[in-house]
Amino acid sequence: MKILAVEDDALTLALLVSSLGEAGHEVEQAGDGHTGLTLACGRAHDVAVIDRMLPGIDGLELVRRLRAAGVQTPVLFLTTMGGISDRVDGLEAGGDDYLVKPFAFAELLARIHALARRPPLGRVETVLHAAGIELDLVTRRVSRSGQTVDLQPREFSLLEFLMRNAGQIVTRRQLLESVWGFHFDPKTNIVETHMSRLRAKLNSNGEPDPIGTIRGAGYLLHALMA
Amino acid sequence: MYTAAFMVTVGVIGWVTVLVVSDTLERQAQRGLENEASALVDEFKAGGRQDLEAALAGRFANPLTHIRYVLIGVDGRALLGDETLLPYGRDPAGSVASRGAGPRTAARALSDGSRLVVADDLADVRHVEAVIRRAFLIALVIAGALGLGTGSLLSTALLRRLDAITRTAEAVVAGDLTQRITHTGSKDEFDRLAVTLNRMLDRIDGLMVNLRQVSTDIAHDLRTPLSRLRQNLETTNRRAATLDDYRVAVEQAVEETDRILDIFSALLRIAQIEATTLRKGFHPVNLSELFHTVADAYAAPASDGGRTLAADITADVWVQADQDLLTQLFVNLVENALLHTPQRSTVTLELSVRDRSVVAAVCDDGPGIPATEREKVLRRFYRLERSRYGPGNGLGLSLAAAVAELHGGQLTLSDAQPGLRASIAFTRELIL
Ligand SMILES: Nc1ncnc2c1ncn2[C@@H]1O[C@H](COP(=O)(O)OP(=O)(O)O)[C@@H](O)[C@H]1O
Ligand SMILES: [Mg+2]
């Protein structure tokens, strides 16, 4: 994946570049808004990771100009722990996702993957297939190996998010945000509780668990399981 | 300044009084002179020159009179009387009303060609004038002295009160925030100023106490996880034998660090919410839906923990709000109700409407919070004795209270008999 990283803190930038590089990505870097804008317009990237606070033009303005110039690269904003309307401001400027520093690297990676995998505009899927599971977004019916599985609405959304990102790690936070719209960290293990119920329902007829738990990172739906 | 104005006023009054009085007296004197002159002319008409001279001789003999006389012959010389009055006889037609210097006179021409001048030096009038002048002068001096005296008395009083304010301000600057400006209770400008300044000092004092409490609490509450972190790292350094030992230790250290960071971000968030006055980022939010989402998210964890989550939610209630913050507010309340109650408790989410006011409440039938502690649990880090060693950081209700306030409401904790009822009132947003 080609990733653009725009971050003014040299240490954070170096860490981003080396970690993403180790994960097999090709990273272009910029330490300020102007350079970032030039790079973003110069070449196509799969994802841009942009710090909100930048010297020159700040992150919000950078993305506004990018979008005005017609560049559709998915943008992940980074912010220091934060302002109460930071998330909304970021989305309004044209950002696609938002991550508060400090973050676990697994979290960043999961979000980059999720952004890169977003279906291109215009292509609407109505039925998702993965790991032998079929999920119909219109009828809201789910079946595994032909057997209907009865899910509660939140369990359905949980599975939907896993299936859209099949083969990739998704984090607890991503699930909290996409399934419940919780943009903060509750103390209760909401995700774990619902995940275990979802698993129990999917595996009720003795089939192997299609959902893997990755310690310290999140969950993974094995794409190629039959 | 006031004294000078006062004295000028007294002076002007004195001057006018003198003018009026002397004018009246002089007119009176003039009338007296005219009468005297006429009376003498009558003597002349009745008894000729002889009678006139006799009458004049009688007048001259009277030691009490101030009136002087002269009889002027045809040749212009004085025939009888005071020669110094000769110049006043030149105008035979009548009197020379001479003001100021010189005497008042009345003149008559007699049929034998001689002339008669009667004059009064107005010594009485001048005397009265002098008396009045002196009286006013004395009044002026006394008024001046009094004015200056009261003026300086007043200004010493003012200075003393300003001094009291200055002294208090200096004490406050020096760090003693308990000092207050004494006021007299007279409700004048100075008293009102003192009361206002005292209120300001109260507010500053409150903020300082709060700040001090918060920083002590932060220091205290961060020390615990930090010491634990340090302890673990040190033990690992000493004891760890295998790579796995290290891996476990590092994982624990990361978890501990996350807990510390959680405290920091919660504190920052509370501070930011408290500092926000502009309701930026507010949108119409479907509170009913938000409640259903929260109820939905916690039904499973609640039943896993042996508790029941019930909901009594009025549909389609909208409020102007920050959706994320409001969600966190109710999540905090529900988590408290699940965390601080025994198993088999019931937690109820209620959303009710009366006219334009919306009441959102989270109730439980657990142990509740004693009335004396309800205010305190809203403080940062404050936790009841019984929950001090359980999970949590004591910031949940502080954040909830701050969010409620940002939304123009107030987090009210009350007795649910039994249990705790945490409620917030909102103004309903009418969506057409
Ligand atoms: N529903 C409740 N029932 C009984 N006690 C409660 C309840 N909610 C809060 N408390 C008390 O108030 C304290 C402060 O709550 P909070 O600020 O949320 O901190 P935390 O939950 O992290 O301890 C809790 O520690 C607990 O003692
Ligand atoms: Mg709490």
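So that the names make sense, note that chain A is the first sequence line, chain B the second, and so on, each numbered from 1.
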Quiz item: Are A:Arg140 and A:Phe156 in a cation-pi contact, defined as NZ or CZ under 6.0 Å from the six-membered ring centre and within 45° of the axis?
Solution: yes
Exercise. Between chain A and each of B:Asp304, B:Asp322, B:Leu290, B:Asp262, count heavy-atom pairs under 4.5 Å; write down the option with the most.
Key: B:Asp304
Quiz item: With a 3.5 Å cut-off and no angle check, do the side chains of A:Thr213 and A:Arg199 form a donor-acceptor pair?
Solution: yes
Practice problem: Using salt bridge (charged side-chain N to carboxylate O under 4.0 Å, His left out) as the criterion, point out the one residue from A:Arg117, A:Arg67, A:Arg87 that pairs with A:Asp96. | Solution: A:Arg67
Quiz item: Looking only at atom types and distance, does a side-chain atom of B:Ser345 sit under 3.5 Å from a main-chain N or O of B:Thr341, one as donor and one as acceptor?
Solution: no
Quiz item: How about residues 185-196 of chain A versus chain B: which residues have heavy atoms under 4.5 Å apart?
Solution: A:Pro186, A:Lys187, A:Thr188, A:Ile190, A:Thr193, A:His194
Practice problem: Write out, in numerical order, the residues from residues 325-336 of chain B with a heavy atom short of 4.5 Å from a heavy atom in chain A. | Solution: B:Leu325, B:Thr327, B:Gln328, B:Val331, B:Glu335
Practice problem: Using only heavy-atom distances, determine whether the side chains of B:Arg307 and B:Thr346 contain a donor-acceptor pair under 3.5 Å. | Solution: no
Quiz item: Given A:Arg144 and A:Glu134, is the salt bridge (Lys or Arg N to Asp or Glu O under 4.0 Å) satisfied, shown in steps?
Solution: CA-CA 6 Å; A:Arg144 183 173 190 197; A:Glu134 192 178 288; over 6 Å; no
Quiz item: Are the aromatic rings of A:Tyr98 and A:His183 close, with centres under 6.0 Å apart?
Solution: no
Exercise. Examine the side chains of A:Thr171 and A:Glu107 and answer whether a donor and an acceptor come within less than 3.5 Å of each other.
Key: yes
Self-check item: Closest non-hydrogen atom pair, A:Ile112 against A:Leu76
Solution: CG1-CD2, 4.3 Å
Quiz item: Are more than 12 heavy atoms from other residues, nucleotides or ligands located less than 6.0 Å from atom CG of A:Asn205?
Solution: yes
Practice problem: Can you tell which part of B:Glu251 gets under 4.5 Å to a heavy atom of chain A, answering side chain, backbone, both or neither? | Solution: side chain
